[in-house]
Amino acid sequence: MSKEQQFKPHPLGRSFEPETFESGIYRFWEENGCFDAKDACIPGQDPFCIVIPPPNITGVLHMGHALTNTIQDILVRWRRMKGDNTLWLPGTDHAGIATQIQVEKALAQEGKNSSGQPLSRHDIGREAFVERTWKWKDEHGGKIKEQLRRMGSSLDWKRERFTMDDGLSAAVREVFVRLYDEGLIYRGERIINWCTRCQTALSDLEVVPRDRKGNFWHIVYKVVGDDGKTLRRPDGTEEQIVIATTRPETLLGDTAVAVHPDDGRYTHLHGKQLQLPLLGRLIPLIADAYVDKEFGSGALKVTPAHDFNDYEIGKRHGLPIVSAMGKDGRITSAGGPYSGLRFTVARERVLQDLKEGGLLVRSEDHQHKVGVCQRCESVVEPVVSKQWFVKIQPLAGPAIKAVQDGRIVFTPQSWEKVYFEWMTNIRDWCISRQLWWGHQIPAWYCGRCQDVAVARTAPGKCPKCGAPGAEMRQDEDVLDTWFSSGLWPFSTLGWPGKTQALKTFYPTSIMETGFDIIFFWVARMIMMGIHFMGEVPFKKVYLHAMVRDEKGEKMSKSRGNVIDPLVVIDKHGADPLRFTLSAMSGQGRDVKLSLERVEGYRAFCNKLWNAVKFFHLQYEAAGSPDEPREGAGTWLQHHRVELLEPDKWILSRLQTLVARVEKGLAGFELNDSAQALYEFTWHELCDWYIEFSKLQIKDGVEERKETVITLHHVIETLLRLLHPFMPFVTEELWQSLPWKKSARPGGLVTLMLQPFPSSNGKLIQQDAEKTVCAIRTVVDAVRNFRGENSIAPKNSFPVKYVCKSSAASVFVRAYGHMIRDLAGISELVQVEDGSAAASGDSVVPLTQPPVELRISIKGLVNAEEETKRICKEIERIQSDLKHVRGKLAKESFVAKAPAELVQKERQREQELAQKISELEQSARRLGKG
RNA sequence: GCGAGCGUAGCUCAGCGGCAGAGCACGCCCUUCACACGGGCGGGGUCACAGGUUCAAUCCCUGUCGCUCGCACCA
């Protein structure tokens, strides 16, 4: 190669530097409409649609987002390249409580109100607060969209939706009204979860149990007779029941004490009255099978207003409901002297008073679970309150059935069981929230007749009494955020309108999300989708693992172990991060992310980069030829028989790769695809084919032509295969290739719209694979000799060889020059079979191909060292032989195992034994010399 | 308590009936003209433990231990 050629600038930089091209490429795609789906498919085209799990507008991109968006983008880019009319629909969620908390915080920091308190939403009023929140959304809610762009997400931004935009709000009202009309939404007074900090009702799902250290207090409840006086036992002591509780302050709301009906200790007291400590109210002793005889004293205080189980007991026995715990976090007037006290203070006072009254028997430490608010972590209190509910059973039934009969398939399938369990035990869904940020409930109350009107728009007059609209007051509550997300797969496509997009893309193809929101989101979409569309919202649910840190801990700000995807992208690029995430997205539960892995895949990008750079050098050295008229792929297929063996081999391997990658993509085993791509690129293309190609290029004009065409074809195909995983670097490299076609009539040249490769059976050539395998075996054997003896690469040496078959002779004659150059052999000399090895020769016996190598160790390595190497080899083979012989020695194996296998083992036994004997001879000879 | 998942090389993970694999880390040799984000060679594992099924078990079954995660909680 002349100096000029060597320094001729080629289009690629010296190494992989993602920061130089990523943002430009994304802009190129977006500006050219590469992400756009068509409302209608062209004939013969399939639709493919994924709706993004809408990130909260409060959110900033974290590794969970990075993982889910990588997976989705891979699937989407793959299907798009396959030719599907592909829609990946972006959007964000208004995230009711989360957002309101953020804006309230901002407000509080802004100043103080007239009474010196930090500003609250109540100081500025609902309208102003909602307006501010919209403003906040405009300012902060866009951040994550830019971050998704940096990940390379090929989202159709023109179709972006927001759960509170006009269309989706209309969908929410439509659903609410219809469910109400069908009797599936009702308003009623029930026990619900109440967050005293957020001042709102919560659904069961929004309450998370947390381990708390607490106490178990044992309190005396005295039994009184009909005269109102304490009953006395025959021995004169007071008749009483000791009750254990973790929440003594709730006794203010007790309306009964319950025992098990079969509990002999209390049978005589059934129907008697007890005196409620401190307040003195009389409450009955009731018998209910819910009570566990073995636990505590076997008696349970019943507080229907503040405990879900007690509420049920109360309903069964017609007990009154006494709400002692107020929504404001203070004891109500029902608490007598304790009213107005905060719950924590009330607890102290109650305990103190009990103690003074001799009613507190003892207290024990007690570990128990306390429900806290998912958003603010403060203790959630069950209270009885008037709220809106969805009657869920009628919706759950069809949703269960859809998964049972396979219309929806979960991957990993084990999640189906989790889904079934929750769905069959589902309770009515409390959907009203006492917040300001969200969809206001479309219900209006008549100020005149008190009737409620549920409607899509504000009623002009009361439908019942005809009072004017001005007297109708809209319900102040808003809906649970998940109510609108539950409609996402169809509301985003234009429902309740009958749009073409809806027709084309519903049901969507795949729902890809985290398992932590199966109940919150997946289940509700299934219920709503089936109910309103008459069809499941998606056919497949793929639930990915949770991203954790390298130690397996959840990433969180407080732990300080958060790996920010944007920092990783800044440092290494989006492609290495994406490849890492896909390579680790096995079907387990956790993805333990380590930065070392990312660095490894960055090196992979660099390797790929340099492989392409290598192609450019060769291409230019070959005089920058034109692509064969019929195209490189077709040319290779036509000339497949006369190609050189390494060319045939790499083309053959490429077909296997295509099949493997496709299989992984189709089965949600992206890690398999990623691994296959990595192995092929590094260990087949770079380690071997490129090395072969260097030799071929030296050989002559024809060989060089074949090689350049093969190299171009393999690299071009590989870039297409890799593209869904690493979109940026593949596009950048692909653009640099000399032979490429426009994918569109308009002439837009982009890799992302090229067809995805399909496996070509004609290019699979087993013989070539065997030949190359044999070449590698010989080269590896010499390299092993060299490496084990620490012989420098520049120190080349002659090797003699003996062929044990005529085929082997032919083989070495044909490929000896490749073996020579790849193994760093100065001269490869054939020796007649049967001739004895020279005394200073070390023998390397091979079986496939049947060749014996003889290396004169003189001047290379001393006999002792080489003998050590041979002994190690002998030991290794001996352990194999022992294993094989052990198998063959068992009669049962020979008799019952497949004959083919037995035959194979016998052959192996022979080969191994022979190898050992040859190596032993060699070692003996060297020892003598 | 019920259910699920996981225990494989120092680390992170593949494999899931027929000789234990990868990446990183480690040791040795190489600044060979795509790549030191590199090349070559190597060391390293009773596949958690105990039984069982099988000619054959890391893989299938049962149990034990350890670690996660759901669900339900006994107040």
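Each chain gets a letter, A, B and so on, in the order the sequences are listed, and its residues count up from 1. Computation of the quantities below employed the complete heavy-atom set of this structure, encompassing side-chain atoms and omitting hydrogens, waters and symmetry-equivalent molecules.
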Go through [options] for me and flag the one nearest to the [X] side chain.
{"X": "Glu788(A)", "options": "rC73(B), rG42(B), rA56(B)", "value": "rG42(B)"}
{"X": "Arg602(A)", "options": "rA4(B), rC37(B), rC41(B)", "value": "rC37(B)"}
{"X": "Glu596(A)", "options": "rG42(B), rC24(B), rG70(B)", "value": "rC24(B)"}
{"X": "Lys794(A)", "options": "rA75(B), rU31(B), rC35(B)", "value": "rU31(B)"}
{"X": "Asn610(A)", "options": "rG18(B), rA75(B), rC35(B)", "value": "rC35(B)"}
{"X": "Ser790(A)", "options": "rU31(B), rG18(B), rC29(B)", "value": "rC29(B)"}
{"X": "Asn309(A)", "options": "rG70(B), rC73(B), rG18(B)", "value": "rC73(B)"}
{"X": "Pro793(A)", "options": "rC37(B), rC30(B), rG3(B)", "value": "rC30(B)"}
{"X": "Ala603(A)", "options": "rG18(B), rA75(B), rC37(B)", "value": "rC37(B)"}
{"X": "Asn606(A)", "options": "rC37(B), rA34(B), rC69(B)", "value": "rC37(B)"}

For [N] versus [M], give the span between their [atom1] atoms, rounded off to a whole number of Å.
{"N": "rC69(B)", "M": "rU62(B)", "atom1": "C1'", "result": "24 Å"}
{"N": "rU58(B)", "M": "rU53(B)", "atom1": "P", "result": "16 Å"}
{"N": "rU54(B)", "M": "rG66(B)", "atom1": "C1'", "result": "29 Å"}
{"N": "rC16(B)", "M": "rC61(B)", "atom1": "P", "result": "15 Å"}
{"N": "rG21(B)", "M": "rC59(B)", "atom1": "C1'", "result": "14 Å"}
{"N": "rU8(B)", "M": "rA50(B)", "atom1": "P", "result": "16 Å"}
{"N": "rG18(B)", "M": "rC33(B)", "atom1": "C1'", "result": "47 Å"}
{"N": "rG43(B)", "M": "rC28(B)", "atom1": "P", "result": "15 Å"}

Quiz item: Are the side chains of Val259(A) and Leu300(A) in touch, meaning some heavy atoms are under 4.5 Å apart?
Solution: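 They are not in contact (no side-chain heavy atoms under 4.5 Å apart), so the answer is no.
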Quiz item: Looking at residues 683-697 of chain A, who's got a heavy atom less than 4.0 Å off RNA chain B?
Solution: His683(A), Cys686(A), Asp687(A), Ile690(A), Glu691(A), Lys694(A)
Quiz item: If you measure from the Lys or Arg side-chain nitrogens to the Asp or Glu carboxylate oxygens, is any gap between Asp672(A) and Lys663(A) under 4.0 Å?
Solution: no
Exercise. State plainly whether the residues Lys213(A) and Asp365(A) are in salt-bridge range, i.e. N to O under 4.0 Å.
Key: no
Contact class for [X] vs. all strands (heavy atom < 4.0 Å): base, sugar-phosphate, or nothing?
{"X": "Ala895(A)", "value": "nothing"}
{"X": "His260(A)", "value": "nothing"}
{"X": "Gln675(A)", "value": "sugar-phosphate"}
{"X": "Ser15(A)", "value": "base"}
{"X": "Pro209(A)", "value": "nothing"}
{"X": "Trp682(A)", "value": "sugar-phosphate"}
{"X": "Arg783(A)", "value": "sugar-phosphate"}

Check the phosphate of [N] against [X], side-chain N and O only, distance under 4.0 Å to OP1 or OP2. Yes or no?
{"X": "Lys417(A)", "N": "rA4(B)", "value": "yes"}
{"X": "Arg876(A)", "N": "rG43(B)", "value": "yes"}
{"X": "Asn784(A)", "N": "rG40(B)", "value": "no"}
{"X": "Lys613(A)", "N": "rA34(B)", "value": "no"}

Quiz item: Looking only at heavy atoms, which two atoms of Glu909(A) and Leu881(A) are closest? And how far apart?
Solution: O-CD1, 3.6 Å
In whole Å, what is the span from the [atom1] atom of [X] to the [atom2] atom of [N]?
{"X": "Asp307(A)", "N": "rC73(B)", "atom1": "CG", "atom2": "P", "answer": "9 Å"}
{"X": "Phe216(A)", "N": "rC73(B)", "atom1": "CZ", "atom2": "P", "answer": "16 Å"}
{"X": "Lys872(A)", "N": "rG27(B)", "atom1": "NZ", "atom2": "C1'", "answer": "12 Å"}
{"X": "Arg14(A)", "N": "rC35(B)", "atom1": "CZ", "atom2": "C1'", "answer": "10 Å"}
{"X": "Phe614(A)", "N": "rC33(B)", "atom1": "CZ", "atom2": "C1'", "answer": "10 Å"}
{"X": "Tyr678(A)", "N": "rA14(B)", "atom1": "OH", "atom2": "P", "answer": "17 Å"}
{"X": "Met546(A)", "N": "rG5(B)", "atom1": "CE", "atom2": "C1'", "answer": "14 Å"}
{"X": "Glu19(A)", "N": "rC37(B)", "atom1": "CD", "atom2": "P", "answer": "15 Å"}

Do [X] and [Y] make the cut of ring centroids closer than 6.0 angstrom?
{"X": "Phe797(A)", "Y": "Phe785(A)", "value": "yes"}
{"X": "Phe615(A)", "Y": "His712(A)", "value": "yes"}
{"X": "Tyr419(A)", "Y": "Trp521(A)", "value": "no"}
{"X": "Phe579(A)", "Y": "Phe604(A)", "value": "yes"}
{"X": "Phe519(A)", "Y": "Trp422(A)", "value": "yes"}
{"X": "His544(A)", "Y": "Tyr542(A)", "value": "no"}

Quiz item: Under 3.5 Å, side chain of Asp254(A) to main-chain N/O of Ala256(A), donor-acceptor pair present?
Solution: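 No, the answer is negative, given that no donor and acceptor are paired below the 3.5 Å cut-off.
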Exercise. Would you check if the side chain of His306(A) reaches a backbone N or O of Gly253(A) as a donor-acceptor pair within less than 3.5 Å?
Key: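 Not at all, since once roles are kept as given, no pair shorter than 3.5 Å links the two residues.
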Quiz prompt | Paired stretches of RNA chain B - 3 or more consecutive Watson-Crick or G-U pairs, each distance under 3.5 Å | solution =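 Stems found: B:1-7 with B:65-71, B:10-13 with B:21-24, B:26-30 with B:38-42, B:48-52 with B:60-64.
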Practice problem: Give a yes or no on whether a donor-acceptor pair under 3.5 Å exists between the nucleobase atoms of rC35(B), that is its base, and the side chain of Lys607(A). | Solution: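 Flag set: donor-acceptor pair detected.
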Quiz item: Between Leu912(A) and Lys369(A), which is nearer to the 5' end of RNA chain B once each is assigned its nearest nucleotide?
Solution: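 Going by which nucleotide is closer to the 5' end, it is Leu912(A).
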Quiz prompt | Comparing Asp672(A) and Lys301(A) on RNA chain B - which has the more 5′ nearest nucleotide | solution =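 Nearest nucleotide further toward 5': that of Asp672(A).
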Quiz item: Do the rings of Tyr678(A) and Tyr601(A) sit parallel, tilted or perpendicular, given the 30° and 60° boundaries?
Solution: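 Correct class here is perpendicular.
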